[in-house]
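We name chains A, B, ... by the order of the sequence lines, and we start the count at 1 in each one.
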Amino acid sequence: MAEIIRSVKGTRDFYPENMAVRRWIFDKIREISTLFGYEEYEGPCLEFIDLYAAKSGEELVKEQAFVFSTPGDDLLTLRPELTPTLARMVAQQQYNLVYPLRWWSIGPFWRYEKPQRGRTREFYQWNIDLIGTKAIAADAEIVTIAAMFLKEIGFSPEQVRVYVNNRRLMDRAFSELSIQNELKPTVFRMVDRMEKMRVNEWHVYATDGGLSKEQADGLLKLVENDLLWHDSPELVELFKLIEIYGVADYVEFNPKVFRGLDYYTGTVFEAFETGGKSRSILGGGRYDNLVAAVGGDPLPGVGFAMGDVVIELALRDAEAIPEGLGDQAQVLVTVFDDERVSESLRLATEIRNAGYRVVFYPEADKLGKQFRFADKLGIPIVVVLGPDEIETGSVALKHLKTREQVTVKREMLLDQLGKFLLS
RNA sequence: GUGCCUGUAGCUCAAUGGUGGAGCGCCUCACUGUGGAUGAGGAGGUCGUGGGUUCGACCCCCAUCAGGCACCCCA
């Protein structure tokens, strides 16, 4: 065999088995999104690099995006995220849209990263946003959608948790510790790293980073305070609504959650696995100035994004992926010998016309081989039409899972099929 | 972008510097209209790639590519 040209680094091949899992996840996403009345949309995969330069940090475009120039000397990028596209689409039609706007999308994205477990260069991302209202009920709805999805896809509250915080609350708390505004982004990162370091290590790290000893101690105390949210009217309201939505056991206050993005202004949240891995599954928050960043008038919004790679890993670890996904054929119609090909084909067509998914074995191989074929493909029912059956106007059906085999008159075929498929 | 680890049959992995193996899978056959079992055969490898050291390299050295882990980053 000649050498096979390899696939592009960081991309994935979706063989039918993988595709069935992806389909299942995507269907669940659609189900939850539309359940709350969100409309599906999609943007282009290619955008001018300027769109990201307007909003995102330097690093994103310079180091983590696929950027290339066209023969016409345009600088384009394969989209690394959807939010700027969303902002652009909203800005372009700003006064033709009906608010509050509820939109969702799922599509491919690219980031030039070093691939490793849970991180690829090409991935799919679910985006869902509620734009045009500052009401805290909107934040609650978005958080609920995240929690509901995790619940419906099969996670228990013990396995995953949506951690919620509020930037305004933390901002105030930082001010009370006399942390200057310029230092706040750094402090965000410091808090983010608390989980990964020992207390002593962190203390050194924090004071090296410009905090006084008292400020570092104050921060440590701050993030241990599980009741801090009582100081935020927004969070109090949010948790009240979450209760009513019925997903309170999936949602929890966590002062350590900040999110990396600068544009979040209020509610921020991130869903994690609760086990040892504690990978980040999805994240989002409220942004009040996104549309303005691409040239529109200011418009508040709240939303989140979820990548397909980590969610699938987490689902696998949680053993939450069901068996038998995919749309395997339900019936295999065998071919007894060369003289009876058309008779079998007629039968296959008849069954297919009744709405069943039917595979027709294309040649008169040994029956054993045809049965083995059905077995390997997971086709549950095999139909045999041999000389005996044809002579008596009947047909033989075998259910491979139960090993039950019956011979029925041809007019009873569909009845019997229905019975088999129920068992 | 940085560091560490790993690349041997389709898959999972063996093999003191001295002619590369196993299990599973795959194909064929038997059980003579019927799958998972059993038995008997069979195919399949320039040992990731390219250099180097050596009388001789899967084994040692260098580079490169790919994968994994930890950083960095996380839109």
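- Contacts of A/Glu122 classified as side-chain contact (heavy atoms from CB on, under 4.5 Å), with partners at least two apart in sequence or in another chain: A/Thr11, A/Trp110.
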A/Trp103/A/Tyr38 under ring-ring contact (aromatic ring centres under 6.0 Å, His included): CA gap, chis, key distance, verdict: CA-CA 5 Å; A/Trp103 282 6; A/Tyr38 286 66; over 10 Å; no
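- Between A/Asp317 and A/Arg279 there is a salt bridge, with a side-chain nitrogen of the basic residue lying less than 4.0 Å from a carboxylate oxygen of the acidic one.
- In this pair, A/Trp229 and A/Phe253 present their aromatic rings tilted. The plane angle is within the 30 to 60° band.
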Please list each protein N or O that sits under 3.5 Å from an N or O in nucleotides 68-71 of chain B, with the distance.
residue	atom	partner	partner atom	Å
B/rG68	OP2	A/Pro115	O	3.4
B/rC69	OP2	A/Arg117	N	2.7

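- In this structure, CD of A/Glu389 is placed 12 Å from P of B/rU34, rounded to the nearest angstrom.
- A/Val359 pairs with exactly one of A/Leu332, A/Val382, A/Leu377, A/Thr334 by the side-chain contact (heavy atoms from CB on, under 4.5 Å) rule, that one being A/Leu332.
- Rounding to the nearest 0.5 angstrom, the gap separating the NE2 atom in A/His399 from the CD atom in A/Gln416 is 10.0 Å.
- Residue A/Lys366 places at least one side-chain N or O closer than 4.0 Å to OP1 or OP2 of B/rC29.
- The C1' atoms of B/rC60 and B/rU2 are separated by 27 Å, rounded to the nearest whole Å.
- In this structure, the CD atom of A/Glu81 is 18 Å from the P atom of B/rC73, given to the nearest Å.
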With a 3.5 Å cut-off and sequence neighbours excluded, list the donor-acceptor pairs that the side chains of residues 291-310 of chain A form with protein atoms.
residue	atom	partner	partner atom	Å
A/Asp297	OD2	A/Tyr95	OH	2.5
A/Asp308	OD1	A/Arg12	NH2	3.3
A/Asp308	OD1	A/Tyr124	N	2.9
A/Asp308	OD2	A/Arg12	NH1	3.0
A/Asp308	OD2	A/Arg12	NH2	3.0

Using a cutoff of under 3.5 Å, can you pull out all pairs of nitrogen or oxygen atoms linking the protein to nucleotides 35-37 of chain B, with atom names and distances?
residue	atom	partner	partner atom	Å
B/rG35	O2'	A/Asp375	OD2	3.4
B/rG35	N7	A/Lys398	NZ	3.1
B/rG35	O6	A/Leu400	O	3.3
B/rG35	N1	A/Leu400	O	2.5
B/rG35	N2	A/Asp375	OD1	2.8
B/rG35	N2	A/Leu400	O	3.3
B/rG35	N3	A/Asp375	OD1	3.4
B/rG36	N7	A/Arg403	NH2	3.2
B/rG36	O6	A/Leu400	O	3.0
B/rG36	O6	A/Arg403	NE	3.2

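- A distance of 12.0 Å separates CD of A/Glu113 from NZ of A/Lys9, quoted to the nearest 0.5 Å.
- A/Gln64 has its CD atom 10 Å from the C1' atom of B/rG1, to the nearest Å.
- Distance noted for atom C1' between B/rC59 and B/rA15: 10 Å (whole Å).
- Across the protein-nucleic acid pair, A/Tyr15 atom OH and B/rC11 atom P stand 10 Å apart, rounded to whole Å.
- Between B/rC58 and B/rG50, the two P atoms lie 13 Å apart (nearest whole Å).
- Side chain A/Gln405 to base B/rU34: a donor-acceptor pair is found below 3.5 Å.
- Using a 3.5 Å distance cut-off with no hydrogens or angles, the side chains of A/Asn165 and A/Tyr264 do not pair a donor with an acceptor.
- Distance A/Phe272 CZ to B/rC74 C1': 11 Å, rounded to the nearest Å.
- Less than 6.0 angstrom separates the ring centroid of A/Trp126 from the ring centroid of A/Phe149.
- No donor-acceptor contact under 3.5 angstrom links the side chains of A/Glu47 and A/Thr77, judged on distance only.
- Annotation: B/rA63 and B/rU53 have their C1' atoms spaced 15 Å apart (nearest Å).
- A/Phe109 has its CZ atom 18 Å from the P atom of B/rC74, to the nearest Å.
- The gap from the C1' atom of B/rU8 to that of B/rG67 amounts to 15 Å, rounded to the nearest Å.
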Structure string for RNA chain B in dot-bracket form, Watson-Crick and G-U at under 3.5 Å, | interchain: (((((((..((((....[..)))).(((((.......))))).....(((((..]....))))))))))))....
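- Taking atom C1' in both B/rU6 and B/rC47, the straight-line distance is 14 Å, to the nearest Å.
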Only distances under 3.5 Å count here; give the side-chain donor-acceptor pairs of residues 365-374 of chain A to other protein atoms, sequence neighbours excluded, each with its distance to 0.1 Å.
residue	atom	partner	partner atom	Å
A/Asp365	OD2	A/Tyr361	OH	2.9
A/Gln370	OE1	A/Val335	N	2.9
A/Gln370	NE2	A/Val335	O	2.8
A/Gln370	NE2	A/Asp365	O	2.7

